[in-house]
Amino acid sequence: MTEPLHPIEWTGSAIRVIDQTLLPGRLARIRLETVDDLVDAVVRLAVRGAPQLGAVGALGVGLAMAQGQREGWSAGRLDAEVARIRAARPTAVNLAWGVDRVRPLMGRGVDAVVADALEIIAEDERNNHEIGRRGADWIAARVAGRVRVLTHCNTGALATTEWGTALGIVRELHARGALEVVYADETRPLLQGARLTAWELVQDGIPHFVQADGAAASTILRGLVDVAIIGADRIAANGDTANKIGSVGIALACREAGIPLIVAAPESTVDGATPSGDAIRIEMRGDEEVLNWGGVRTAPEGSRAHNPAFDVTPARLVSAIVTERRVVEPALGQVPGSPTGGA
Ligand code: MRU
């Protein structure tokens with residue numbers, strides 16, 4: 001394995017993150033010094049991925065407090081800025097979770113908030129390794145021989161704080177010598193699979209193919225993969241799972257082919273307050289992401305785009321939800337309910 005990436009750092013006065021819009025061409029870090037910087041980075045997906053949004057949201061509260069002190073904000077202004085961070089993207093529950101976890105510490109000052117946000121980062125890395133081990137064990141009990149995996153979007157170190165969730169399971173399988181190959185969906189329209197997952201797989205020397213999203217169902221039905229492993233942005237209490245657009249098609253193909261679909265996510269992605277997928281708000285993004293390619297218009301003037309960033313996979317299509325604490329099997333009637341608490 002390569003050196004840890006440490007995609008999120010606190011400098012003492014700013015948040016330093018990898019600008020993921022520049023990968024794979026350039027590995028460059030940017031400083032987020034204000035709430036405007038942070039919200040802009042979240043909205044344009046310079047920082048992204050549910051667990052990473054949780055960590056950035058929590059650090060963002062400290063950032064807002066520091067900015068408020070510099071600029072003499074009222075308590076009302078500070079609350080409004082924190083609310084703005086919490087709402088910067090709607091689907092991944094982790095963003096709100098990260099903000100809400102540190103908010104009670106605001107009365108104790110910036111250092112207390114930042115210390116807990118840094119603890120979230122440390123916990124996330126530990127959680128991802130545990131998810132990797134549990135997921136690899138679950139697969140080993142069901143798949144004989146070296147495993148061929150299909151994955152979608154980016155769920156690696158870039159989407160978390162280190163190692164990854166679905167990609168953490170892939171890394172664990174690889175470390176055990178149990179991985180044959182990964183089919184990484186390119187993940188239109190923003191190419192998190194082709195740009196980011198493939199970059200992480202190259203760094204680790206993990207054999208893989210990048211494939212068009214439209215190839216995924218065929219790859220599954222032709223028997224080329226043994227398991228599909230995806231991440232999650234929000235898991236409802238009944239196990240319905242919101243993840244990157246395209247995930248539900250993979251789930252349907254897995255059901256048809258009789259292979260498992262695994263959802264890998266930390267407990268912070270389980271939203272016990274949302275009863276089912278119907279109640280999950282799906283982020284709609286701008287037309288230009290779909291109507292253009294590489295900055296050049298590909299669809300005719302006059303076309304409009306339909307651009308949901310996420311979809312919801314019904315619980316009955318999810319073979320296993322793997323968290324750092326448990327494996328829940330919704331397709332067998334088990335439900336995640338509420339997150340399990342405590343450290
Ligand atoms: O729009 P993105 O790139 O933030 O979407 C990310 C995903 O859908 C991931 O699969 C999910 O957040 C899990 S990341 C471990």
Side-chain angles (χ1 to χ4, degrees), residues 50 131-132 134-156 159 164-170 172-174 178-188 192-193 197 201 208-236 238-265 269-270 276-277 280 308 310-323 326-336:
I131 289 168
R134 284 174 188 266
D137 288 349
W138 192 92
I139 293 167
R142 288 160 183 82
V143 178
R146 282 148 65 96
V147 186
R148 300 162 303 165
V149 175
L150 183 142
T151 193
H152 191 68
C153 197
N154 171 263
T155 60
T165 56
L167 214 62
I169 298 177
V170 167
E172 177 70 21
L173 289 169
H174 181 62
L179 182 76
E180 177 85 25
V181 70
V182 178
Y183 290 83
D185 289 351
E186 65 173 350
T187 318
R188 277 279 293 158
Q192 289 93 331
T197 298
L201 293 171
H208 64 281
F209 301 107
V210 176
Q211 66 179 0
D213 296 344
S218 168
T219 301
I220 293 167
L221 293 177
R222 287 173 62 204
L224 298 177
V225 297
D226 302 298
V227 59
I229 316 176
I230 61 173
D233 289 85
R234 189 181 296 245
I235 299 171
N238 73 343
D240 290 351
T241 296
N243 190 51
K244 180 53 57 191
I245 191 74
S247 298
V248 69
I250 293 166
L252 288 163
C254 286
R255 167 55 54 92
E256 179 67 21
I259 67 165
L261 171 78
I262 297 178
V263 170
T269 305
V270 179
S276 73
I280 298 177
F310 302 98
D311 60 26
V312 176
T313 296
R316 65 180 179 280
L317 299 179
V318 178
S319 310
I321 295 170
V322 179
T323 79
R326 52 189 174 149
V327 177
V328 179
E329 300 188 337
L332 299 182
Q334 299 173 4
V335 293

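No hydrogens, no waters, no symmetry mates; every other heavy atom, side chains included, goes into these values. Each residue takes its place number in the sequence, starting with 1.
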ask   = Do the non-hydrogen side-chain atoms of V181 and F209 ever get within less than 4.5 Å of each other?
value = yes

message = Is the shortest side-chain heavy-atom distance between I321 and P330 below 4.5 Å?
response = yes

message = If you compare all heavy atoms of E172 against all heavy atoms of A136, which two are closest, and at what distance to 0.1 Å?
response = CG-CB, 3.6 Å

key: Flag, side chain of T187 to backbone of C153, donor-acceptor distance under 3.5 Å   = yes

task = Taking D240 for its side chain and G277 for its backbone only, find out whether a donor-acceptor pair lies under 3.5 Å.
result = yes

Side-chain donor/acceptor of R148 to backbone N/O of G223, under 3.5 Å = yes

ask   = Under the side chain to side chain contact (heavy atoms under 4.5 Å, CB included) criterion, do V335 and V328 qualify, and how do the steps go?
value = CA-CA 7 Å; V335 293; V328 179; 5.7 Å; no

ask   = Closest approach of V327 and A320, non-hydrogen atoms and distance?
value = CG1-CB, 4.0 Å

query = Measuring from I235:CD1 to I280:CD1, what's the distance to the nearest 0.5 Å?
reply = 9.0 Å

query = So, do P314 and V248 sit near enough that their side-chain heavy atoms are less than 4.5 Å apart?
reply = yes

ask   = Less than 4.0 Å between a side-chain N and a carboxylate O, is that true for R188 and D213?
value = no

message = Please give me the minimum heavy-atom distance between A236 and P336, naming the atom from each residue.
response = O-CG, 3.5 Å

request  = Begin from the C-alpha positions of S276 and N238 and carry the test side chain to side chain donor-acceptor pair (under 3.5 Å) through to its verdict.
outcome  = CA-CA 6 Å; S276 73; N238 73 343; 4.7 Å; no

task = Step through the shown structure and confirm whether more than 12 heavy atoms of other residues, nucleotides or ligands are within 6.0 Å of CD on E180.
result = yes

Residue pair T197 / Q192, side-chain donor-acceptor N/O under 3.5 Å = no

From D233 atom CG to F310 atom CZ, the distance as rounded to the nearest 0.5 Å = 4.0 Å

remark   = In short, A253 meets L221 closest at the heavy-atom pair O-CD2, 3.9 Å

query = Out of I262, D185, N243, T155, which residue meets the side chain to side chain contact (heavy atoms under 4.5 Å, CB included) rule with I230?
reply = N243

message = Would you say that L224 contacts Y183 through its side chain, given a criterion of any heavy-atom pair below 4.5 Å between the two side chains?
response = yes

remark   = Shortest non-hydrogen pair, G239 vs A315, comes out as C-CB, 3.5 Å

inquiry  = Measuring only between side-chain heavy atoms, which start at C-beta, is I229 closer than 4.5 Å to V227?
reply    = yes

request  = Report yes or no: is the cationic atom of R142 (NZ for Lys, CZ for Arg) under 6.0 Å from the centre of the six-membered ring of W138, at an angle within 45° of the ring normal?
outcome  = yes

inquiry  = For a side chain to side chain contact (heavy atoms under 4.5 Å, CB included) check, start with the C-alpha distance between R255 and V318, then their side-chain angles and the critical distance, and finish with the verdict.
reply    = CA-CA 9 Å; R255 167 55 54 92; V318 178; over 6 Å; no

key: Side-chain touch R146/D226, heavy atoms, less than 4.5 angstrom   = no

inquiry  = Side chains of I169 and I131, heavy atoms from C-beta outward: is any pair under 4.5 Å?
reply    = yes

task = Taking T219 for its side chain and A215 for its backbone only, find out whether a donor-acceptor pair lies under 3.5 Å.
result = yes

query = Should Q211 and L150 be marked as a side chain to side chain contact (heavy atoms under 4.5 Å, CB included) after you check the CA-CA gap, both sets of side-chain angles, and the distance that decides it?
reply = CA-CA 10 Å; Q211 66 179 0; L150 183 142; 3.2 Å; yes

task = Assess whether side chain to side chain contact (heavy atoms under 4.5 Å, CB included) is satisfied between I259 and I220, documenting all intermediate values.
result = CA-CA 8 Å; I259 67 165; I220 293 167; 3.9 Å; yes

note = Heavy atoms of H152 and S247 approach each other most closely as CD2-OG, 3.7 Å

query = Is there a side-chain contact between T313 and L261, using heavy atoms and a 4.5 Å cut-off?
reply = yes

